[in-house]
Chemist: 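I am attaching a structure below and will ask some questions about it afterwards.
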Amino acid sequence: MKNKRGVIAISEILILILGIISIGYAFGSEVGFVSGDETKPTITQGLNIGDQSEEGQWAWNGNQWIQTVTDQSPSSGSGSGGGGISALSVPAATYTLSQYNKIAIQEAGLSEAIKDVSGKDITKVFFDPKTPTKVFSDSALKNQITLPEGVSVVDPKSITPTATPASSGGFLSSIYGLKNWWAAATWGLSVYAGIYLLGTLLGFDSAKVNAAAAAGGLGIASGIGVYQLTQSATWGWVVGGGVAIAVYLLMYKSSSTKIVSFECKPWDAPVGGNDCEKCNAGILPCSEYQCRALGQACKLVNSNSANPLCVNAYKGDVKQPVITTFNEALLPDYIYTPDNTISPPDSGVKIQYQNSKDGCVPAYTPLSFGIKTDEPSLCKIDYVRKQNMTSMQFFFGGLNLFAYNHTQILSLPGPNATESGLPVLDNGGNFNLYVKCTDAIGNENTANFLFRFCVDKGPDTTPPRIVTTNLINGMPVAYNQTSVNIEAYTNEPASCKWSRRDQAYSDMETTMSCASSAFEMNAQMLYKCTTTLDGIKAQSDNDYFFKCEDQPKAPQNQRNFMQQSYKFTIKGTQPLYINALKVNGNETATTIKDSTTPVKVTISADTSAGANEGQAQCYLSDTGDEGSYIEFGNTNNVNAHSEQDLYLASGSYTYYIKCVDLGGNSDTKTISFKVETDTTAPIVARAYHNQNDLEIITTEEANCVYDVKDCKYTFADGIKIDSTNDIQHFTPWTTGKTYYIKCQDAFKNAPSPDQCSIIVTPAITTN
């Protein structure tokens, strides 16, 4: 389509150019043209009449019209030249006969007519271009022409015109007759105007007309210019045409509107499933649609869990999952070591405890280890080597899910398998655990991956210990709060109690609710006990003592209990107070001004009492509704001071401030103020003579200076005027002295550098 439009556009411009050429040719055939640097042509030799002796006919020799006649007898006429007319030579490519004869008469100074011997005027006949043969073949005229005085007989070869009249050869011959660049420019402008006018009248696109006009004008001008330099019409046409085409192509930029229609159809997933697992790398879990969009063989597994995975379910996949150790699953002080005693095709490692001489796992402690697979896999574990996964007893980690990383936690000792769903290890002995995995399409490991380890022998003689609590030991609670719920975590299943006094486990009054089975451990492999601590006193340290016994299901004589209590303290507090609420450092400010828009406003709050001597977290809201409060940018500082910067437009504002300490004590206050933008310089409301001073009054607090020359000085270069309250300003009264005064407010608003607030000239007053 673009090529077709280009051909049409070029055809149109060529038609326009040919039209202009036709018009030019028509004009050139009717009107003679002369060089622009002369007002009329001249011939330096005057009328050129030769003295050849042969009579001849008019003939075209390729360059000139030439005719010769034989002189039969001397002329009897008067004049400076005698004899018959021998030849007349006219360069036909440059002159017409009529133009040449007219020029000859004018320039030869023929004030008299050419007459024959009888006195008959034969000037017209002699110079008539229509009948040149008759002039020279008429026997009555031979030897009877009298040439006027001043007409001489010269050699025809001496004809030398100094200017070139145009011939009647049309447009091309008119170009050949031009000898200066002004003519080229004139023709270029003429062609430009002609194409522009014609194109506009025909209704062509304006961009196309402009490009065509410029191309035609510049093409004609450059073509004529080249001809002037080379005198070659061929080169003139070639260069002019090339310039015209180049200019047109550069200037004309076509534009078009295309209507594109499309349909939104379901995504057609690519064949195969090489990209399926890319869905698992995102921050958010993979969805069914995302998974299937990655490939026609993609399948989402674990779809009802918190960890859905996208896998390649291509049936032609026969590759088994590759199993390696997962180091991050080990507890501190445990390592994997290669086990060369395992017979192929099985492979595996030893689990060793670095703080033990023989590397065995301590009894009655958790054991954690894991594996990694190169694709999402489902894995199982068992004490006994089995032929396939279907016959294996436990899912690895107790989870029936496909995953890359798998972690297994064992308890030493623990409940039976029916209770926990996990492998159970007794203290003492060496253990082998066999692992197999399968991918989503059933490619199962034929070989086993083994974990080997040993467990220390001997009875459990170590008492349990409280590792941590959900509340910070020594934390404060709100004023007048009398109780608090707490969770304590032990390193093994245990029974625990607490008391306000440090005493024996059997004497403690309150029993805690604790996990008694090994499988009840949390992600940190700790066991939770819960209780409520009551009797909390305000503004006091409240101490509580915890003790625990291990092996909740064992006989009392086999159990171990804590000899030393775990001490936990809760601090009772007093109410929290917001004792200072300020805006831009001013507690009583009602209007905040500045010269900017918006205006910076800083709200600050100072708190006291409460927990930690007033240290608190402060928030603000413009509505006071719960959920609308925003935390201060600078808060919870040890100096009990909080700040928040706001940038506000002019108007009235009310903010609700709430501060809360670590114990839960809180206090709320409100603050209201106005914001104004001041961008104008202070106004001098009054200037007068007060005793020996010139005193001025400003409409706002300001600093004032003066100069005695003019207003064209900077405020910093002015002479300071004293003030008592920044409103009343005074300086010594000097008669006849002119004070050029400028005043500036606190926001640096002042008159322009070449203006004053007021100009005062003290004068002598008379009563």
Side-chain angles (χ1 to χ4, degrees), residues 466-489 498 500 524 530-546 566-590 592 600-648 653-673:
I466 297 175
V467 178
T468 186
T469 59
N470 67 324
L471 301 180
I472 299 174
N473 198 346
M475 70 165 292
V477 295
Y479 176 70
N480 284 338
Q481 181 176 346
T482 59
S483 64
V484 65
N485 295 325
I486 188 173
E487 297 174 357
Y489 295 91
W498 67 266
R500 295 297 299 265
Q524 288 75 39
T530 61
T531 191
T532 299
L533 304 179
D534 53 18
I536 299 174
K537 292 183 179 180
Q539 304 183 46
S540 301
D541 287 347
N542 298 269
D543 295 332
Y544 299 86
F545 300 90
F546 300 161
Y566 181 87
K567 183 180 179 181
F568 188 85
T569 301
I570 295 177
K571 293 181 177 291
T573 62
Q574 55 185 323
L576 177 71
Y577 297 99
I578 300 175
N579 57 333
L581 199 58
K582 301 177 183 179
V583 179
N584 287 8
N586 192 334
E587 193 170 358
T588 60
T590 57
I592 307 300
K600 180 182 178 181
V601 176
T602 301
I603 298 177
S604 62
D606 294 325
T607 51
S608 62
N612 297 329
E613 299 180 351
Q615 182 176 344
Q617 198 117 0
C618 293
Y619 307 82
L620 83 161
S621 167
D622 56 1
T623 64
D625 298 334
E626 286 297 329
S628 66
Y629 283 89
I630 300 173
E631 184 179 346
F632 275 37
N634 180 13
T635 189
N636 201 26
N637 298 309
V638 293
N639 60 359
H641 178 80
S642 299
E643 286 187 351
Q644 176 63 49
D645 291 335
L646 303 173
Y647 292 87
L648 305 174
Y653 296 89
T654 296
Y655 283 97
Y656 301 83
I657 311 300
K658 178 170 67 174
C659 297
V660 182
D661 66 15
L662 183 61
N665 301 301
S666 65
D667 191 16
T668 303
K669 285 189 176 182
T670 61
I671 187 169
S672 298
F673 53 88

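Starting from 1, each residue takes its place in the sequence as its number.
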Chemist: Any chance OH of Y577 has more than 12 other-residue heavy atoms, nucleotides or ligands included, within less than 6.0 Å?
Modeler: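 At most 12 heavy atoms, drawn from other residues, nucleotides or ligands, come within 6.0 Å of this atom.
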Chemist: Please identify each residue that fulfils salt bridge (Lys or Arg N to Asp or Glu O under 4.0 Å) with D543, with sequence neighbours left out.
Modeler: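 So D543 forms a salt bridge (Lys or Arg N to Asp or Glu O under 4.0 Å) with K567.
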Chemist: Please step through side chain to side chain contact (heavy atoms under 4.5 Å, CB included) for the pair T569 and N542, ending with a clear verdict.
Modeler: CA-CA 5 Å; T569 301; N542 298 269; 5.8 Å; no
Chemist: Does N636 offer a backbone N or O that forms a donor-acceptor pair with the side chain of Q615 under 3.5 Å?
Modeler: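 Confirmed, Q615 side chain pairs with N636 backbone.
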Chemist: I'd like to know if the side chain of T573 pairs up with that of N665 as donor and acceptor (distance under 3.5 Å, no hydrogens or angles considered).
Modeler: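 Their side chains do contain a donor-acceptor pair, which is all the 3.5 Å distance test asks for.
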Chemist: Grab the two heavy atoms, one from Q644 and one from G633, that are nearest each other, plus how far apart they are.
Modeler: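 Closest pair (atom of Q644, atom of G633, distance): OE1-N, 2.5 Å.
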Chemist: Checking the side chain of Q539 only, and the main-chain atoms of G572 only, is there a donor and an acceptor separated by less than 3.5 Å?
Modeler: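 Between the backbone of G572 and the side chain of Q539 there is no qualifying donor-acceptor contact (under 3.5 Å).
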Chemist: Taking the six-membered ring of Y544 as reference, does the cationic atom of R500 (NZ for Lys, CZ for Arg) lie under 6.0 Å from its centre and within 45° of its axis?
Modeler: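 R500 over Y544 ring: yes.
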Chemist: Is the side chain of N586 donor-acceptor paired with the backbone N or O of T588 at a distance under 3.5 Å, no angle test?
Modeler: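 Looks like yes, one N/O pair under 3.5 Å.
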Chemist: Taking side chain to side chain contact (heavy atoms under 4.5 Å, CB included) as the definition, give me every residue that meets it alongside I472, ordered by chain and number, with sequence neighbours left out.
Modeler: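 Counting only residues at least two positions away or on another chain, I472 forms a side chain to side chain contact (heavy atoms under 4.5 Å, CB included) with M475.
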Chemist: Please name all residues satisfying side chain to side chain contact (heavy atoms under 4.5 Å, CB included) with K669, sequence neighbours left out, ordered by chain then number.
Modeler: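 If we apply the side chain to side chain contact (heavy atoms under 4.5 Å, CB included) test to K669, skipping adjacent residues, the hits are I578, L581, D667.
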Chemist: Nearest heavy-atom pair of D661 and A611: which atoms, and what distance?
Modeler: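 Heavy-atom minimum between the residues: OD2-N, 2.7 Å.
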Chemist: For D622, give me all partners under salt bridge (Lys or Arg N to Asp or Glu O under 4.0 Å), at least two apart in sequence or on another chain.
Modeler: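 If we apply the salt bridge (Lys or Arg N to Asp or Glu O under 4.0 Å) test to D622, skipping adjacent residues, there are no hits.
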Chemist: Side-chain contact, heavy-atom cut-off 4.5 Å: I671 with T654?
Modeler: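 Not in contact.
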Chemist: Hey, does the side chain of D541 reach the backbone of K571 with a donor-acceptor pair shorter than 3.5 angstrom?
Modeler: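 A pair under 3.5 Å: no.
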Chemist: Determine, for K658 against E626, whether the closest basic-nitrogen to carboxylate-oxygen distance falls under 4.0 angstrom.
Modeler: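 Yes.
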Chemist: Mind running side chain to side chain contact (heavy atoms under 4.5 Å, CB included) on I570 and L533 for me, showing each step along the way?
Modeler: CA-CA 9 Å; I570 295 177; L533 304 179; 3.9 Å; yes
Chemist: Within a 6.0 Å radius of atom CD on E487, are there more than 12 heavy atoms belonging to other residues, nucleotides or ligands?
Modeler: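 Above 12, so yes.
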Chemist: I need the S604 OG to E587 CD distance, nearest 0.5 Å.
Modeler: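 One finds 8.5 Å between OG of S604 and CD of E587.
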Chemist: If we check side chain to side chain contact (heavy atoms under 4.5 Å, CB included) with L576, which of these qualifies: N612, V660, T607?
Modeler: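 Exactly one option meets the side chain to side chain contact (heavy atoms under 4.5 Å, CB included) with L576, and it is T607.
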Chemist: Any side chain to side chain donor-acceptor pair (under 3.5 Å) involving residues 468-485? Give me the pairs, sequence neighbours left out, ordered by first then second residue.
Modeler: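 Residue pairs passing side chain to side chain donor-acceptor pair (under 3.5 Å), neighbours aside: N485-T532.
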Chemist: Using a 4.5 Å cut-off on heavy atoms from C-beta on, say whether the side chain of L646 contacts that of T602.
Modeler: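 No, too far: nothing below the 4.5 Å cut-off.
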Chemist: Which heavy atom of F568 sits nearest to which heavy atom of L471, and what is that distance?
Modeler: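 Nearest heavy atoms, F568 then L471: CE1-O, 3.6 Å.
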Chemist: Got a sec, which residues hit side chain to side chain contact (heavy atoms under 4.5 Å, CB included) with S642, two or more places apart in sequence or on another chain?
Modeler: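 With sequence neighbours excluded, S642 shows a side chain to side chain contact (heavy atoms under 4.5 Å, CB included) to C618, F632, T635, given in chain and number order.
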Chemist: Decide yes or no for I603 and F673: does some side-chain heavy atom of the first lie under 4.5 Å from some side-chain heavy atom of the second?
Modeler: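 When only atoms from C-beta onward are counted, F673 and I603 do touch, with a gap below 4.5 Å.
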Chemist: Is there a side-chain contact between T668 and Y619 (heavy atoms, below 4.5 Å)?
Modeler: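 Not in contact.
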Chemist: E613 and S608: side chain to side chain contact (heavy atoms under 4.5 Å, CB included), yes or no, with the steps?
Modeler: CA-CA 6 Å; E613 299 180 351; S608 62; over 6 Å; no
Chemist: Keeping the roles fixed (side chain from T623, backbone from D625), state whether a donor-acceptor pair exists under 3.5 Å.
Modeler: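 Indeed, once roles are kept as given, a pair shorter than 3.5 Å links the two residues.
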Chemist: Only one of F546, F545, Y566 forms a side chain to side chain contact (heavy atoms under 4.5 Å, CB included) with W498, so which one is it?
Modeler: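 So, applying the side chain to side chain contact (heavy atoms under 4.5 Å, CB included) to W498 and each of F546, F545, Y566, only F546 qualifies.
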Chemist: Go through the steps to decide whether T670 and I657 satisfy the test side chain to side chain contact (heavy atoms under 4.5 Å, CB included), and finish with yes or no.
Modeler: CA-CA 6 Å; T670 61; I657 311 300; over 6 Å; no
